[in-house]
Amino acid sequence: MFSEMQVIDPRYGYVDEVVDPSLDLMEEILRFKQDKNVLLLAHYYQEPAIQDVADYVGDSLGLSRQAADTEAEIILFAGVHFMAETAKILNPSKTVLLPDLNAGCSLADACPADAFARFKEKHPDHVVISYINCSAETKAQSDIICTSSNAEHIVRQIDEDQPIIFAPDRNLGAYLIKQTGRDMVLWDGVCIVHETFSEQKLVRLKMRHPGALVLAHPECEESILRHADYIGSTSGIRAFAVNSPEQSFIVATEEGILYQMQKDCPGKTFIPAPPESGCLCSQCPHMRLNTLEKIYLCLKHEAPEITMSEETRIKALRPIERMLEMSVAVV
Ligand code: 13P
Ligand code: SF4
């Protein structure tokens with residue numbers, strides 16, 4: 001067996017090895033999962049083949065709950081770095097693998113721990129609620145973590161007279177202020193995928209599909225959310241479409257979610273919301289770094305592995321545990 005040092009080229013952040021093209025990668029991954037007692041977690045923003053080979057596909061809250069509950073020896077996270085870090089924080093004795101260490105997140109990148117510490121100093125006495133899309137070091141400076149599924153539920157549990165810092169997503173923060181009436185201090189971060197949707201193109205699309213409901217993720221800007229018939233996490237969007245009597249939907253989030261929605265409701269029509277330019281901007285460039293080949297190599301070599309200092313892990317664990325405790329009622 002190769003050691004991590006041998007197989008991970010630091011210039012790349014993933015196992016750089018030629019894969020035999022005759023291999024059935026799905027079969028190989030299933031075999032590794034069984035032989036090595038692996039839990040393969042995938043976010044909805046992964047390509048369809050990865051969603052099909054995963055043990056669980058879900059949103060950030062569902063994935064965290066799965067990571068917290070597993071008996072597996074290895075967790076492979078087909079998602080981005082902050083998600084795999086969260087799994088490691090919850091499972092210090094398990095091996096947590098991320099197929100490509102470059103799979104970051106614009107929100108996490110927008111909130112470096114040292115700048116966040118200075119920001120907090122300017123707002124003493126504030127409770128810090130951080131969106132799960134942040135680094136372990138930023139989580140370690142937070143009081144409570146939240147996801148888009150439970151953010152409103154958690155904010156509503158904070159005493160009315162308690163001032164709040166919300167980081168790092170200013171769009172989710174602004175949405176929460178509107179929903180709860182709480183006056184929160186916001187960190188100025190955005191998701192590069194959700195900020196690209198075009199209001200003008202969305203309005204034109206709605207005119208072409210007058211019966212379609214607009215389902216939007218709260219990471220979108222207000223100019224998009226104001227046209228939404230439903231606003232929620234990826235799991236919320238999926239559940240809304242399943243339960244709705246309507247037949248067509250415009251979906252303003254990363255388009256990977258459309259795969260499960262179409263599987264749930266083969267007879268319904270799902271239309272991705274249009275980004276500003278004609279590019280693939282509604283695919284997350286970080287999420288899409290994961291491929292079946294990288295997952296296969298990652299399981300073969302058990303690398304790259306997520307590591308962090310025990311001091312950071314312990315500090316980051318408490319706000320994640322508080323999130324899980326405060327959102328038991330959120331499905
Ligand atoms: P959820 O799946 O928790 O709604 O989060 C969306 C997202 O952008 C994850 O990076
Ligand atoms: Fe981060 Fe946005 Fe990609 Fe989610 S979709 S991982 S929030 S950059």
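Hydrogens, waters and symmetry mates are skipped; everything else that's a heavy atom, side chains included, is used. Whatever order the structure lists ligands and atoms in, that order sets their numbers, starting from 1. Keep in mind that this is a model prediction, so the values were computed, not measured.
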Which ligand 2 atoms does [X] reach within 4.0 Å, using its non-hydrogen atoms?
| X | answer |
| --- | --- |
| Cys284 | 3 (Fe), 5 (S), 6 (S), 8 (S) |
| Leu107 | 7 (S) |
| Tyr45 | 5 (S) |
| Asn133 | 7 (S) |

Notebook entry, point to check: Roughly how far, to the nearest 0.5 Å, is CD of Glu246 from SG of Cys265?
Noted result: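 Here the interatomic distance stands at 12.5 Å.
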Note to self: Within this structure, what is the CD-CG distance for the pair Glu137 and Asp114, rounded to the nearest 0.5 Å?
What the structure shows: 10.0 Å
Notebook entry, point to check: Is the closest N or O pair between His43 and ligand 1 shorter than 3.5 Å?
Noted result: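 Looking only at distances, the answer is yes, because the N/O contact criterion of under 3.5 Å is met.
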Next item on the list: Tell me whether Val214 is reachable from Leu258 by hopping between hydrophobic residues (I, L, V, M, F, W, Y) whose side-chain heavy atoms are closer than 4.5 Å.
Entry: no
Note to self: Does the Lys NZ or Arg CZ of Lys36 fall within the cation-pi geometry relative to Phe32 - under 6.0 Å from the ring centre and within 45° of the axis?
What the structure shows: yes
Next item on the list: Begin from the C-alpha positions of Glu121 and Arg118 and carry the test salt bridge (charged side-chain N to carboxylate O under 4.0 Å, His left out) through to its verdict.
Entry: CA-CA 5 Å; Glu121 275 168 21; Arg118 291 194 294 277; over 6 Å; no
Notebook entry, point to check: For Leu61 and Ser149, which heavy atoms make the closest approach, and how far apart are they?
Noted result: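 For Leu61 and Ser149, the tightest heavy-atom pair comes out as CD2-CB, 3.9 Å.
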Note to self: With a 4.0 Å cut-off on N to O distance, would you call Lys263 and Asp52 a salt bridge?
What the structure shows: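 Answer for the salt bridge query: yes.
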Check: Do Arg322 and Glu325 meet the salt-bridge criterion of a basic N to acidic O distance under 4.0 Å?
Finding: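 Result for this pair is no, no salt bridge flagged.
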Which ligand 1 atoms, with their elements, are less than 4.0 angstrom from a heavy-atom of [X]?
| X | answer |
| --- | --- |
| His217 | 1 (P), 4 (O), 5 (O), 6 (C) |
| Ser148 | 1 (P), 3 (O), 4 (O) |
| Ser233 | 4 (O) |
| Ser60 | 1 (P), 2 (O), 3 (O), 5 (O) |

Tell me which part of [X] gets within contact of ligand 1: side chain, backbone, both or neither, using heavy atoms under 4.0 Å.
| X | answer |
| --- | --- |
| Thr147 | neither |
| Glu254 | neither |
| Tyr45 | side chain |

Check: Is atom 3 (Fe) of ligand 2 under 2.8 Å from any N, O or S atom of Cys105?
Finding: no
Note to self: What verdict does the ring pair (Phe, Tyr, Trp, His ring centres under 6.0 Å) test give for Phe166 and Trp187, after you've listed the backbone C-alpha separation in whole Å, the side-chain angles of each residue and the deciding distance to 0.1 Å?
What the structure shows: CA-CA 6 Å; Phe166 186 83; Trp187 183 269; over 10 Å; no
Margin query: Can you report which non-hydrogen protein atom sits closest to atom 8 (O) of ligand 1, along with the distance?
Written below: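 Scanning the protein heavy atoms, the shortest distance from atom 8 (O) of ligand 1 goes to Glu219 OE2, 3.1 Å.
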Item checked: Nearest protein heavy atom with distance in Å, relative to atom 10 (O) of ligand 1 ->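 Residue, atom and distance for the closest contact: Asn133 ND2, 3.2 Å.
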Notebook entry, point to check: Distance-only, no hydrogens or angles: does the Arg288 side chain make a donor-acceptor pair with backbone N or O of Tyr45 under 3.5 Å?
Noted result: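 Yes, Arg288 side chain to Tyr45 backbone: donor-acceptor pair under 3.5 Å.
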Check: Please walk me through it: do Arg238 and Asp264 pass salt bridge (charged side-chain N to carboxylate O under 4.0 Å, His left out)?
Finding: CA-CA 8 Å; Arg238 181 182 174 191; Asp264 292 336; 2.7 Å; yes
Check: Within less than 4.0 angstrom of ligand 2, does Glu254 place any heavy atom?
Finding: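 Judged by the 4.0 Å heavy-atom criterion, Glu254 does not count as contacting ligand 2.
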Next item on the list: Answer yes or no for Cys191: is there an N/O/S atom below the 2.8 Å cut-off from atom 2 (Fe) of ligand 2?
Entry: yes
